> 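This is the structure I want to talk about, given as structure tokens.
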Amino acid sequence: MHAYRSHHCSQLRKENVGQTVRLSGWVYRKRDFGNLLFIDLRDHYGISQIVVERDSPAFALAESVRSESVIMVDGRVTSRGAEAFNENLPTGEIEVRATSIELLSEAADLPLPVFGNAEYPEEIRLRNRFLDLRREKLHANIVLRSKVIASLRRRMIDQGFTEFQTPILTASSPEGARDFLVPSRIHHGKFYALPQAPQMFKQLLMVAGFDRYFQIAPCFRDEDARADRSPGEFYQLDFEMSFVTQEDVFAAIEPVLHGVFEEFSGKKAVTPPPFPRIAYKESMLKYGSDKPDLRNPLEIADVTEVFRGGGFGVFAKAIEEGAVVRAIPAPGAGTRARSFFDGTNQWAKDEGYAGLGYINFKGGEGGGGVAKNLGPERVALLVQQMKLGPDDGVFFACGPANTVAKLAGLARTRVGQELDLIEKDTFKFCWIVDFPMFEYDEVEKKVIFSHNPFSMPQGEMEALNTMNPLDILAYQYDIVCNGIELSSGAIRNHKPEIMYKAFELAGYDRSVVDEQFSGMINAFKFGAPPHGGSAPGVDRIVMLLADEPNIREVILFPMNQKAEDLMMGAPSEVSPRQLKELGIKLVNDGPKQP
RNA sequence: GGGGUCGUAGCUCAAUUGGUUAGAGCACCGGACUGUCGAUCCGGAGGUUGCGGGUUCGAGCCCCGUCGACCUCGCCA
């Protein structure tokens, strides 16, 4: 007999009846009848029922052992008898009649119950993560994560990609997010940075001739957390390809994502390749967002012309001053109580916007102040343009284009939810393409890169030389699923002259490029293939597949919102000796005392 | 750094809206019970109502401050 177990806890079936077995695991649940008691014994694989009777030598220990203690059980497999089958358990037809039980490790009073699906405070869960991870849902999420990563690897390798590891200690980069810095012991006053992404390395791999690279890559950014954004660190399926166009990149990754979602999504439908391509500009207009949730069928329309010079004075006047009007349809909502419309307006104000106008149609007749002032002709025009039904509602947002797009997008989401229009049990993918290369920074009063400065501008050098920078598009694309941005990627700019020119338009001197991106710009001078790639977020993929609203539910040991690991006590102070070695002197007395 | 929600037993929640000794379920401890699978029944222990101040005859509840958690804006090329 093995020292700890002959079978695991989900292994025994009625074929094993009569066998002498040894099981080890945690005491999940105990049901004590005084002269007879049951233990649900749990391990990673599942649950087996242990029966102990008064006359068994194991009885005394079974009676006193606490939940979540680790025990080893010797016994004989017996059939439960038809009326005592538990159909919810794979092992539900058998039980193990214990002849002896050994306590391998005793559990103290639990700060967090393992049994049951109740919700518990984040702080307690994080502090006792090892207990939390024993719980069914979280345990399953982490196993799912592992399987998803294994599947991604297999699918990438099948597509001819090769996995490489890139450095974790690297150089700080001037663009992008805030870096995590690591002080150098050998070079006092100098710092390594943890990579925000292996961006430059993967591009250098292309220059080095490796053709198709991927990596399940850890990425580090010192930015604040969100529900879908872990503070500090996260993982990406980072990949890059040589001699490709944007469509080649899409064609390579679509089957991987579609395949992995099909494999793990249960019965949910998954957008088949090719995924819809939506231009950034169109997405901002129709969905009020660059990460549209296509499960929501509502589409926003620009109705500025309907209101221009019209009788609804507030809007007409704003339009003269450059404002636009966007309309959000609310199908079938026309007959809803006025509180629905006023409530939505109030919500918009609470969000910090000017508010939302509305028309509620009843039997084709437009109601409310907007319709009254606008007049029947223009209302008819609106109905025609938006193809509104006789009992529809419609909301209006008016203001500067950027602000209004955002408000309209939020309103689209809210109205879709309120009217229960969001399609369920489906994963809707799309590509957002044609991002602008540059944008105007209102605060700094200058042209800046709008996303990745290393993207190839569409039209290349000619566009940079001849076009208004703000009109230049980039070969830059995001992949979006159900309103969640999974990744951004680009066809890279592999030509030094175009790179210098692009940076020049953003106000950077040639020498700045040479200094700050020397590794890459230098490499590009010795024969760089055209290349591009992307990097879907692994945590977010698992989050979608596990149907979890919070990214911490798919990460083994996540940090809290303040980027602390409550279990390990990170970040922590270090010894004076460590600081001295690094040549670091703390300016104040260190962390604030509580 | 700004905004929002919350904070009562180890955990999940309640307390008739300012009124007697702050209750219940789970967990824990003790007792009863031979077929349960959220076992059941009886009993026990467990509280500085996050902390500090104020208003009041009286505060878990109202006011001010503070601390903490989460959500969010900024930020995330």
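Since the model is a prediction, treat every value here as computed from it, not as a measurement. Per chain, numbering begins at 1; letters A, B, ... match sequence-line order.
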> Just how far, in rounded Å, is P of B/C11 from CG of A/N128?
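That distance rounds to 10 Å.
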> May I ask you to establish whether A/R129 and A/F557 are in a cation-pi arrangement, using a distance under 6.0 Å from NZ or CZ to the six-membered ring centre and at most 45° from the ring axis?
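Verdict for A/F557: no cation-pi partner in A/R129.
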> With heavy atoms under 4.0 Å as the rule, sort A/Q196 into base, sugar-phosphate or nothing.
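The answer is nothing, as A/Q196 stays clear of every strand by at least 4.0 Å.
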> Distance check, C1' atoms only: B/C70 and B/C33, in whole angstrom units.
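Those two atoms are separated by 45 Å.
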> Without decimals, in angstroms, what is the distance between A/D478 CG and B/C76 C1'?
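So the two atoms are 13 Å apart, to the nearest Å.
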> Let's go through A/D290 and A/S283 carefully: what are the C-alpha distance in whole Å and the side-chain angles of both, what is the deciding distance for side chain to side chain donor-acceptor pair (under 3.5 Å) to 0.1 Å, and is it a yes or a no?
CA-CA 6 Å; A/D290 59 0; A/S283 183; over 6 Å; no
> Sticking with atom P, work out how far B/G54 lies from B/A59, rounded to a whole angstrom.
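My reading of the P atoms in B/G54 and B/A59 gives 12 Å.
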> Which of these passes side-chain hydrogen bond (donor to acceptor under 3.5 Å, both in side chains) with A/D434: A/Q246, A/Q458, A/Q476?
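It is A/Q458, the one option of A/Q246, A/Q458, A/Q476 that forms the side-chain hydrogen bond (donor to acceptor under 3.5 Å, both in side chains) with A/D434.
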> Looking only at side-chain atoms of A/R552, point me to the closest of B/G74, B/C71, B/C75.
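Selected nucleotide (nearest to the side chain): B/C71.
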> I want to know whether A/F449 and A/F438 have ring centres closer than 6.0 Å.
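Yes, they do, as the ring centres are separated by less than 6.0 Å.
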> Looking only at side-chain N and O atoms, does A/K562 come under 4.0 Å of OP1 or OP2 in B/C70?
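Looking at the OP1 and OP2 atoms of B/C70, neither is under 4.0 Å from any side-chain N or O of A/K562.
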> Nucleotide by nucleotide, 5' to 3', does protein get under 4.0 Å of the base (B), only the sugar-phosphate (S), or neither (-) in nucleotides 35-40 of chain B, counting heavy atoms?
BBBSB-
> Please check the phosphate of B/A69 (OP1 and OP2 only) for any side-chain N or O of A/Q561 closer than 4.0 Å.
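Looking at the OP1 and OP2 atoms of B/A69, neither is under 4.0 Å from any side-chain N or O of A/Q561.
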> For the side chain of A/A177, counting heavy atoms from C-beta on, which of B/C76, B/G74, B/C28 is nearest?
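Nucleotide nearest to A/A177's side chain: B/C76.
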> A/P121 has a side chain; which of B/C11, B/C75, B/A69 sits nearest to it?
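Nearest to the side-chain atoms of A/P121, counting from C-beta on, is B/C11.
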> Taking B/U34 as the reference, what is the distance to B/G50 when you measure between their C1' atoms (whole Å, please)?
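B/G50 and B/U34 have their C1' atoms separated by 48 Å.
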> With heavy atoms under 4.0 Å as the rule, sort A/P111 into base, sugar-phosphate or nothing.
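Sugar-phosphate: the residue A/P111, judged by heavy atoms under 4.0 Å, touches backbone atoms but no base.
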> Which value, in whole Å, describes the distance between the C1' atoms of nucleotides B/A24 and B/U55?
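To the nearest whole Å, 32 Å.
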> Please state whether the base of B/C76 and the side chain of A/R221 form at least one donor-acceptor pair under 3.5 Å?
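Flag unset: no donor-acceptor pair detected.
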> Which base sits across from B/C13 as a Watson-Crick or G-U pair, both distances under 3.5 Å?
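Check on B/C13: paired to B/G23, both distances under 3.5 Å.
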> Would you call the rings of A/F435 and A/Y280 parallel, tilted or perpendicular if under 30° counts as parallel and over 60° as perpendicular?
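The rings of A/F435 and A/Y280 sit tilted, inter-plane angle from 30° to 60°.
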> Quick one: A/R54 CZ to B/A32 C1', roughly how many Å, whole number?
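Checked: the CZ to C1' distance equals 11 Å.
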> In whole angstrom, what separates A/M559's CE from B/C70's P?
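Distance check: A/M559 CE to B/C70 P gives 12 Å.
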> Take atom C1' in B/G23 and the same atom in B/A14, then report the distance between them in whole Å.
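Going atom to atom, C1' in each nucleotide, I get 7 Å.
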> Within 45 degrees of the ring normal and closer than 6.0 Å to the centroid, is that where the cationic atom of A/K446 sits relative to A/Y508?
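So A/K446 does make the cation-pi contact.
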> Would you please confirm or rule out a distance under 4.0 Å between OP1 or OP2 of B/C70 and any side-chain N or O of A/R226?
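So the side chain of A/R226 is outside the cut-off, no N or O lying under 4.0 Å from OP1 or OP2 of B/C70.
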> Measure from CZ on A/R66 to P on B/G10 and round the result to the nearest Å.
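These atoms are roughly 16 Å apart.
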> Go nucleotide by nucleotide along RNA chain B from the 5' end; which of A/L110 and A/F449 gets its closest nucleotide reached first?
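Upstream on the strand: A/L110.
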> To the nearest Å, give me how far apart CD (A/E223) and P (B/G1) are.
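Atom CD in A/E223 sits about 15 Å away from atom P in B/G1.
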> If I pick the C1' atom on B/C26 and the same atom on B/C73, what distance separates them, to the nearest angstrom?
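These two C1' atoms come out 39 Å apart once rounded.
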> Would you classify A/I124 as touching base, sugar-phosphate or nothing, given that sugar-phosphate means primed atoms plus P, OP1 and OP2, and contacts are heavy atoms under 4.0 Å?
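Sugar-phosphate contact only - A/I124 comes under 4.0 Å of backbone atoms but never of a base.
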> Taking the six-membered ring of A/Y500, is the NZ or CZ of A/R510 close enough (under 6.0 Å from the centre) and on axis enough (within 45°)?
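Checked: cation-pi criterion met.
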> Figure out the CD/P separation between A/E63 and B/U34, and round it to whole Å.
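After rounding, the gap between these two atoms is 12 Å.
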> Taking the same atom, C1', in B/C13 and in B/C57, what whole-Å distance lies between them?
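Roughly 32 Å separates the two C1' atoms.
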> Within the distance-only criterion (no hydrogens, no angle test), does the side chain of A/R229 pair as donor or acceptor with the backbone N or O of A/D224 below 3.5 angstrom?
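Yes.
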> Pick base, sugar-phosphate or nothing for A/R178, based on heavy-atom distances below 4.0 Å to the nucleic acid.
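No contact.
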> Using atom P of each nucleotide, how far apart are B/G53 and B/G44 to the nearest Å?
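My reading of the P atoms in B/G53 and B/G44 gives 35 Å.
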> Is the glycosidic angle of B/U17 within 90° of 0, making it syn, or outside that range, making it anti?
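Syn, since the glycosidic angle lies within 90° of 0.
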> By the 4.0 Å heavy-atom rule, please label A/D109 as base, sugar-phosphate, or nothing.
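Sugar-phosphate, no base atom in range.
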> Looking at A/R127 and A/E123, is there a salt bridge between them, counting it only when a charged N and a carboxylate O are closer than 4.0 Å?
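Judged by the 4.0 Å cut-off on N to carboxylate O distance, A/E123 and A/R127 do form a salt bridge.
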> Both distances below 3.5 Å, Watson-Crick or wobble geometry, any strand: find the nucleotide opposite B/C51.
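Partner of B/C51: B/G65.
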> Assess whether side chain to side chain donor-acceptor pair (under 3.5 Å) is satisfied between A/Y287 and A/N296, documenting all intermediate values.
CA-CA 9 Å; A/Y287 309 107; A/N296 184 341; over 6 Å; no
> Can you check the A/E106 CD to B/C28 P distance for me, whole Å?
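Nearest whole value for this atom pair: 12 Å.
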